[in-house]
Number of protein chains: 2
Amino acid sequence: MSFFDPLKKALRKEGLRYTQQRQAVWDELRATDDHRDAEEIYLALRNSGFKVSRATVYRTIDVLVKNNLVRKLKLGDGHARFEHKVDSAHHDHLICAQCGKIEEFVDDVIETRQNKIVEELGSKLIRHIHQLFVICKECQTA
Amino acid sequence: MSFFDPLKKALRKEGLRYTQQRQAVWDELRATDDHRDAEEIYLALRNSGFKVSRATVYRTIDVLVKNNLVRKLKLGDGHARFEHKVDSAHHDHLICAQCGKIEEFVDDVIETRQNKIVEELGSKLIRHIHQLFVICKECQTA
DNA sequence: TATTTTATTGAGATTGAGTCTCAGAAAATA
DNA sequence: TATTTTCTGAGACTCAATCTCAATAAAATA
Ligand SMILES: [Mn+2]
Ligand SMILES: [Mn+2]
Ligand SMILES: [Zn+2]
Ligand SMILES: [Zn+2]
């Protein structure tokens with residue numbers, strides 16, 4: 001709502017208008033800490049009674065990703081997943097190949113080694129993907 | 001050709017027949033150490049005069065990936081890439097976001113930390129993806 | 001080897017996540 | 001309010017990948 005509202009700030013920066021649909025998509029993304037796909041966001045909005053189209057959901061998420069309010073994850077199952085970045089530092093993901101549960105991790109040693117590898121090649125690190133596919137504790141005993 | 005020919009061994013294990021098309025796809029994959037997509041493999045075969053269909057290229061690569069003769073990479077550009085695993089130990093990838101050049105790296109410290117992270121959660125590591133997107137040395141000065 | 005059986009192949013249809021189009025709706029501007 | 005500009009939504013479209021099924025090739029059998 002305020003002048004520093006991150007959605008409005010992003011829209012201003014992109015020269016885009018503030019709309020109910022864009023607000024609703026952003027609200028829905030912040031409603032959970034899950035890693036949901038576009039269809040789940042779309043259905044959550046529709047089921048809550050809000051009229052919005054898939055096209056607008058995709059378009060709005062693009063803007064949010066571009067402006068660092070949302071992170072896009074590709075876990076290899078054919079549809080991108082999204083998580084909001086409010087109060088969320090960088091982290092990577094650990095995915096159960098059986099039940100699909102997603103956990104998060106950060107490791108300073110790994111981050112440091114990454115930088116070193118890139119530096120030694122004379123390159124400049126832009127972003128990285130680090131995903132650990134596992135069988136989780138629960139799925140092992142099941 | 002021999003009894004220990006890895007393609008024939010894989011086909012035997014899967015209960016599949018040995019065919020000219022399957023041999024040709026496997027040969028083409030071993031012809032370079034590049035990270036090519038299915039269309040590039042397909043076109044290389046066609047351009048060399050060998051008649052094969054896209055369907056067979058995709059189907060054969062699936063068998064090779066399943067049997068650890070080929071590694072499948074998803075680098076986020078929408079089409080999977082493949083590399084043969086002959087004389088090739090595990091490694092991860094460093095991709096220039098500008099020119100697309102792919103370099104390989106391995107880091108024992110990272111591999112060890114990965115195992116530790118997974119172990120502490122009581123999970124079992126199946127596979128991992130670690131990709132560093134960079135601007136390479138050449139692209140920085142260009 | 002010839003015949004029969006079974007798996008493979010290829011051309012093109014299909015799928016599905018994501019993108020695009022464009023007429024109508026909504027917001028900004030005057 | 002009237003005019004201009006941007007946004008939205010329904011559905012068409014894209015494209016890598018998968019599927020279909022009649023024709024073909026390999027294996028099994030005689
Ligand atoms: Mn996360
Ligand atoms: Mn490689
Ligand atoms: Zn699990
Ligand atoms: Zn480069």
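A note on names: the letters A, B, ... follow the listed sequences, proteins ahead of strands, and every chain is numbered from 1.
- The two residues B:V57 and B:A38 make their nearest non-hydrogen contact at CG1-O, 3.9 Å.
- In this structure, the side chains of A:Q114 and A:H128 come closer than 4.5 Å at one or more pairs of heavy atoms.
- Look at CD1 on A:I41: it is 16 Å from C1' on C:dG18, rounded to the nearest Å.
- If you take CH2 of A:W26 and C1' of D:dC7, they are 20 Å apart, rounded to a whole angstrom.
- Between B:K51 and the phosphate of C:dT8, there is no side-chain N or O to OP1/OP2 separation shorter than 4.0 Å.
- Taking atom CG of A:L73 as the reference point, atom P of C:dG18 lies 12 Å away to the nearest angstrom.
- The CD-C1' distance, from A:E40 to C:dG18, rounds to 16 Å in whole Å.
- Following rounding to the nearest Å, A:R36 (CZ) and C:dA17 (C1') show an atom-to-atom distance of 18 Å.
- Between A:R54 atom CZ and C:dC20 atom P the separation is 18 Å, expressed in whole Å.
- With distances taken from any side-chain atom of A:R22 to the nucleotides D:dC7, D:dT18, D:dA26, the minimum falls on D:dC7.
- Side-chain atoms of A:R59 and base atoms of C:dG18 include no donor and acceptor less than 3.5 Å apart.
- Taking atom CD of A:Q23 as the reference point, atom P of D:dC7 lies 15 Å away to the nearest angstrom.
- Between B:Q21 and the phosphate of C:dG10, there is a side-chain N or O to OP1/OP2 separation shorter than 4.0 Å.
- Side-chain rings of A:H130 and A:H90 stay apart, their centers remaining 6.0 Å or farther from each other.
- Screening A:R46, A:R36, A:R22 against A:E28 for a salt bridge (charged side-chain N to carboxylate O under 4.0 Å, His left out) leaves a single residue, A:R36.
- Nearer to the 5' terminus of DNA chain C, by closest-nucleotide assignment, is the contact made by B:R17 (compared with the other of B:A55 and B:R17).
- Summarising the local packing, CD of B:E14 is surrounded by more than 12 heavy atoms from other residues, nucleotides or ligands at distances under 6.0 Å.
- In this entry the distance linking CG of A:L16 with C1' of C:dA26 reads 15 Å, nearest Å.
- Residue B:S53 places no side-chain N or O under 4.0 Å from the OP1 or OP2 atom of C:dT9.
- When each of B:T19 and A:Y58 is assigned the nucleotide of DNA chain C with its nearest heavy atom, B:T19 is the one assigned upstream, toward the 5' end.
- Of the two residues contacting DNA chain D, namely A:T60 and B:A38, the nearest-nucleotide position lying further toward the 5' end is that of A:T60.
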